Engineer: 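The following block contains the structure, expressed as structure tokens.
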Amino acid sequence: MKTPRAYYQPLAIGAPAPYREVPTRLERMIHFVPPHIEKMRKKVPELIRDVDVVLGNLEDAIPADQKLAARQGFIRMARDNEFGSTGLWTRINCLNSPWVLDDLLEIVPAVGEKLDVIMLPKVEGPWDIHYLDQLLAQLEARAGIGRPILIHAILETAEGVKNVDSIATASPRMHGMSLGPADLAASRGMKTTRVGGGHPDYAVLSDAGTATGRTAHLQDLWHYTVAKMVDACMSAGIRAFYGPFGDFSDSEACEFQFRNAFLMGCVGAWSLHPSQIEIAKRVFSPDPAEVAFACKIVDAMPDGTGAVMIDGKMQDDATWKQAKVILDLAERVAAKDPEFAEIYGL
Ligand code: GLV
Ligand code: MG
């Protein structure tokens with residue numbers, strides 16, 4: 001364990017100082033782009049206007065014989081566009097793959113100045129973060145990059161889940177974490193063939209012999225992991241995200257999965273298909289009725305202390321803090337999205 005002072009020292013001479021806080025940004029959806037496909041790269045200017053984060057994917061879903069084209073395509077899309085307040089991320093290949101070293105050696109010098117976050121797949125423990133942290137510091141120093149590139153871990157192995165707390169606190173370079181339900185299912189030996197979402201057989205059955213008959217009640221396969229991830233992230237001052245939802249034909253189920261994650265503390269999810277952008281926008285922007293109620297709480301308790309009754313419900317310092325979570329998010333959404341600014345009246 002490092003001493004507090006050493007924790008915030010740059011890991012290479014000439015590398016930028018680590019952030020003390022993760023920069024505040026709206027990140028309701030991380031939109032995945034396959035950068036080897038020119039038609040997809042051409043859509044990036046439109047995406048920049050529409051989404052909160054554009055991510056060039058180099059890992060799974062990119063065929064082995066297209067890995068180099070994806071890397072070059074990502075560099076091109078980063079160079080050819082101005083991203084403004086929209087985040088620019090890439091998902092590199094995993095640390096034991098034959099591609100990852102050149103992903104980093106080529107991307108950081110070429111477009112590191114524009115790159116906000118590197119998503120690192122299949123993180124098993126803090127040692128994976130330490131390796132990338134050190135290498136990024138060396139590359140940033142050599143390329144003269146002025147601000148640190150952050151690391152976002154995918155939580156998608158049984159060992160990673162076991163080590164989630166030490167991954168979250170491994171470095172001040174940590175931005176946050178996403179649940180990767182597809183790889184995690186395989187790593188855990190779950191008997192499913194899906195990318196996220198529920199399963200019709202994962203249920204509890206009500207007692208036999210009741211007048212209304214027996215009913216099966218669906219359970220959320222991801223509840224335990226999302227809760228564990230949110231606690232690890234929030235206690236470390238970093239962000240938690242739900243990852244992919246693979247059934248593009250079932251937007252309702254996607255919305256339910258995203259909303260469970262939102263209510264549990266996640267700030268966003270991945271969008272793998274254009275239809276999921278709107279879903280994420282709707283789910284990860286606070287409900288206007290909740291924003292209006294949160295305003296009432298804050299107005300009734302300007303200094304955040306005491307107890308008041310609003311619409312028959314008791315409010316105190318703790319509900320004031322909940323209201324602040326919702327209002328702070330609503331303000332970030334309103335600043336980016338005039339439509340929501342109008343709906344919220346902010
Ligand atoms: C994402 O990468 C997943 O495995 O779910
Ligand atoms: Mg995965």
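Because the structure is predicted, anything quoted here is derived from the model rather than measured. For ligands, and for the atoms within them, numbers begin at 1 and follow the listed sequence.
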Engineer: Is it true that atom CD of Glu159 has more than 12 heavy atoms of other residues, nucleotides or ligands lying nearer than 6.0 Å?
Structural biologist: yes
Engineer: Assert yes or no for the condition that the ring centre distance of Phe32 to Trp270 is strictly below 6.0 Å.
Structural biologist: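 Ring centroids of Phe32 and Trp270 are less than 6.0 Å from each other.
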Engineer: Should the pair Arg282-Asp287 be classified as a salt bridge under the 4.0 Å nitrogen-to-oxygen rule?
Structural biologist: no
Engineer: I'd like to know if the side chain of Arg25 pairs up with that of Ser85 as donor and acceptor (distance under 3.5 Å, no hydrogens or angles considered).
Structural biologist: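 Per modelled atom types, Arg25 and Ser85 side chains form no pair under 3.5 Å.
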Engineer: His273: which residues meet the ring-ring contact (aromatic ring centres under 6.0 Å, His included) condition with it, sequence neighbours left out?
Structural biologist: Phe248
Engineer: Which of these, Leu155, Asp60, Thr157, Asp183, has its nearest heavy atom closest to atom 4 (O) of ligand 1?
Structural biologist: Asp183
Engineer: By number and element, which atoms of ligand 1 are closer than 4.0 Å to a non-hydrogen atom of Arg91?
Structural biologist: 2 (O)
Engineer: If you count the atoms of ligand 1 from 1 in the order shown, which ones are under 4.0 Å from a heavy atom of Pro244?
Structural biologist: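 Those atoms are 1 (C), 5 (O).
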Engineer: When you measure from the Mg ion (ligand 2) to the N, O or S atoms of Glu59, does any of those distances fall below 2.8 Å?
Structural biologist: no
Engineer: So, regarding Ala182 and ligand 1 (criterion: nitrogen or oxygen to nitrogen or oxygen, under 3.5 Å), is there a contact or not?
Structural biologist: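 N/O-N/O distance below 3.5 Å exists for this pair.
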Engineer: Is Asp183 close enough that one of its N/O/S atoms sits under 2.8 Å from the Mg ion (ligand 2)?
Structural biologist: yes
Engineer: Nearest N/O/S atom of Glu156 with respect to the Mg ion (ligand 2), by atom name, please.
Structural biologist: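 Relative to the Mg ion (ligand 2), the closest nitrogen, oxygen or sulfur of Glu156 carries the name OE1.
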Engineer: What I want to find out is whether Arg214 reaches Asp207 closely enough, with some N-O distance under 4.0 Å, to be called a salt bridge.
Structural biologist: no
Engineer: At less than 4.0 angstrom from any non-hydrogen atom of Trp270, what atoms of ligand 1 do you find?
Structural biologist: 1 (C), 2 (O)
Engineer: Between Arg147 and Asp116, is there a salt bridge with N-O shorter than 4.0 Å?
Structural biologist: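 Salt bridge flag = yes for Arg147 with Asp116.
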Engineer: Does ligand 1 have an atom that lies less than 4.0 angstrom from a heavy atom of Glu59?
Structural biologist: no
Engineer: Considering non-hydrogen atoms of the protein only, which is the closest contact for atom 1 (C) of ligand 1, and what is the distance?
Structural biologist: Glu156 OE1, 3.4 Å
